[in-house]
Amino acid sequence: MVINLSDKCSLICDWISEIRDVQIQSDRMRFRRNLERIGEIAAYEISRTLVYEEKEVQTPLGIAPSKVMKEQPVLATILRAGLPLHQGLLNYFDKADNAFISAYRKHNLDGSFEISLDYISCPELENRVVIISDPMLATGSSLVKTIQYLREEGHPREIHVVAAIACSVGIEYVRRSEPQVKIWCGDIDEELTAKGYIVPGLGDAGDLAFGTKVQM
Ligand SMILES: O=P(O)(O)OC[C@H]1O[C@H](OP(=O)(O)OP(=O)(O)O)[C@H](O)[C@@H]1O
Ligand SMILES: O=c1cc[nH]c(=O)[nH]1
Ligand SMILES: [Mg+2]
């Protein structure tokens, strides 16, 4: 299942427009905060699909029948560009457990790249709802590698992916490899360059959020 959060106009369209805009995206704090806000909206939308249980709450004046989330999700993010989006999800799912995965593109001299999966910190995943955040879903290879790893570590019951901008090529790859996964994206672009950049996309999300990195 793929949900494009821009299909119905809302504030998220403004924020997607700002993170794409070359003038506005150079304000690093605003770029990170916009990703965070997109994460907050995605958290709210995902929360509408989760399981709730009844609870009686003592107020100063009586007992209020309430509904509360039955279980906490695991919020997983792909370093480093995923951090602001992850923070947005965590702002709303504030009691969640968290996982951090360093899946990044290791570039070869000929311009090709492989996904390197190094550092991983992960809670128990058995029968849990996992929400993976990464602002850019380009070829989908970082995501598929991450999901395969998480499935080896445990047996999550449900996996959601949150991306600010997803490319239809990458979406198809994820759907073919992991048909059960639900993809929530801020917008969908059609084109991918030979180097795996989304067009029109927004550029390099990690660099825009945290600064240019040297290739190791
Ligand atoms: O769908 P894919 O083709 O796998 O590409 C998407 C990945 O590329 C970016 O990370 P990058 O390797 O630039 O690392 P960074 O977060 O350190 O910038 C992005 O944040 C995704 O993780
Ligand atoms: O367009 C892209 C593709 C991958 N990673 C990015 O940051 N941007
Ligand atoms: Mg990057």
Side-chain angles (χ1 to χ4, degrees), residues 2 4 15-22 24-26 28 30-32 34-36 38-39 42 75-89 98-122 130-150 159-178 181-216:
V2 182
N4 182 349
W15 303 334
I16 292 287
S17 155
E18 288 198 2
I19 59 173
R20 287 182 187 276
D21 188 313
V22 278
I24 303 173
Q25 65 175 200
S26 62
R28 226 175 254 178
R30 190 165 190 90
F31 184 79
R32 289 193 303 267
N34 276 330
L35 285 176
E36 199 178 321
I38 293 164
L75 304 183
T77 196
I78 305 181
L79 300 173
R80 78 197 147 139
L83 287 172
L85 200 54
H86 176 88
Q87 184 59 50
L89 286 152
N98 295 267
F100 298 92
I101 299 121
S102 87
Y104 63 95
R105 294 173 166 193
K106 201 161 189 177
H107 292 270
N108 303 314
L109 288 175
D110 64 3
S112 63
F113 63 85
E114 291 107 43
I115 306 300
S116 173
L117 211 104
D118 292 349
Y119 173 78
I120 289 141
S121 149
C122 189
V130 176
I131 305 173
I132 307 171
S133 52
D134 189 331
M136 307 306 279
L137 199 179
T139 63
S141 32
S142 308
L143 206 49
V144 167
K145 195 146 187 182
T146 299
I147 295 169
Q148 286 168 347
Y149 174 81
L150 295 178
I159 298 181
H160 299 260
V161 165
V162 176
I165 297 183
C167 184
S168 33
V169 179
I171 290 178
E172 269 322 298
Y173 178 53
V174 176
R175 269 158 52 116
R176 268 200 321 277
S177 315
E178 295 287 338
V181 166
K182 291 184 189 145
I183 303 173
W184 304 78
C185 41
D187 208 355
I188 300 176
D189 289 355
E190 296 303 324
E191 206 184 318
L192 204 58
T193 67
K195 290 194 168 170
Y197 274 86
I198 302 174
V199 182
L202 52 73
D204 189 302
D207 288 1
L208 286 161
F210 300 114
T212 314
K213 67 181 176 190
V214 291
Q215 296 299 337
M216 302 275 189

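Start at 1 and go down the list; that is how both ligands and their atoms are numbered. We count residues from 1, following the sequence as given.
Ligand 1 places these atoms under 4.0 Å from at least one heavy atom of Tyr104: 12 (O). Close approach of ligand 1 to Ala81 (heavy-atom distance below 4.0 Å) involves ligand atoms 16 (O), 20 (O). Within the listing of ligand 1, atoms 14 (O), 15 (P), 17 (O), 18 (O) sit less than 4.0 angstrom from a heavy atom of Lys213.
Distances from ligand 1 to the non-hydrogen atoms of Gly196 include no value under 4.0 Å. Using a non-hydrogen distance threshold of 4.0 Å, Leu79 registers as a contact of ligand 1. Using a non-hydrogen distance threshold of 4.0 Å, Gly201 does not register as a contact of ligand 2. Using a 4.0 angstrom heavy-atom cutoff, Gly203 counts as in contact with ligand 2. For Asp204, the heavy-atom gap to ligand 1 drops under 4.0 angstrom. Under a 4.0 angstrom heavy-atom cut-off, Gly140 registers as being in contact with ligand 1. For the pair Lys145 and ligand 1, no heavy-atom separation below 4.0 Å is found.
Between the side chain of Thr77 and the backbone N or O of Ser133, at least one donor-acceptor pair lies under 3.5 Å. Using a distance-only test at 3.5 Å, with no hydrogens or angles considered, no donor-acceptor pair links the side chain of Thr139 to the main chain of Gly196. Side-chain atoms of Gln25 come within 3.5 Å of backbone atoms of Leu202 as a donor-acceptor pair (strictly under, hydrogens ignored). Listed for the Asp189 side chain is no donor-acceptor partner under 3.5 Å among the backbone atoms of Glu191.
In terms of polar-atom proximity, defined here as any N/O pair under 3.5 Å, Ile198 does make such a contact with ligand 2. Here's the thing with Met136: none of its N/O atoms is less than 3.5 angstrom from an N/O atom of ligand 2. In terms of polar-atom proximity, defined here as any N/O pair under 3.5 Å, Gly206 makes no such contact with ligand 2. Between Ala138 and ligand 1, a contact under 3.5 Å exists for at least one N or O pair.
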Determine all donor-acceptor pairs shorter than 3.5 Å in which one atom belongs to a side chain in residues 113-122; sequence neighbours excluded.
unit_1	atom_1	unit_2	atom_2	d
Glu114	OE2	Asn108	ND2	2.8
Ser116	OG	Asp118	OD1	3.1
Asp118	OD2	Tyr104	OH	3.3

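Atom CG of Asp207 sits about 8.5 Å away from atom CZ of Arg28, to the nearest 0.5 Å.
The two residues Leu35 and Pro135 have their closest heavy-atom pair at CD2-CB, 4.0 Å.
Contact annotation for Asp134 and ligand 1: only side-chain heavy atoms (C-beta onward) come within less than 4.0 Å of the ligand. Both the backbone and the side chain of Ala205 come within 4.0 Å of ligand 2, judged by heavy-atom distances.
Remark: Asp134 engages no residue in a salt bridge (Lys or Arg N to Asp or Glu O under 4.0 Å) (not counting sequence neighbours).
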(request) For side-chain contact (heavy atoms from CB on, under 4.5 Å), just list the numbers for Gln87 and Arg32, CA-CA rounded to whole Å, side-chain angles, deciding distance to a tenth of an Å, and then say yes or no. (result) CA-CA 10 Å; Gln87 184 59 50; Arg32 289 193 303 267; over 6 Å; no
(request) Dump the intermediate steps for side-chain contact (heavy atoms from CB on, under 4.5 Å) on Asp187 and Asn4, then the final yes or no. (result) CA-CA 6 Å; Asp187 208 355; Asn4 182 349; 3.6 Å; yes
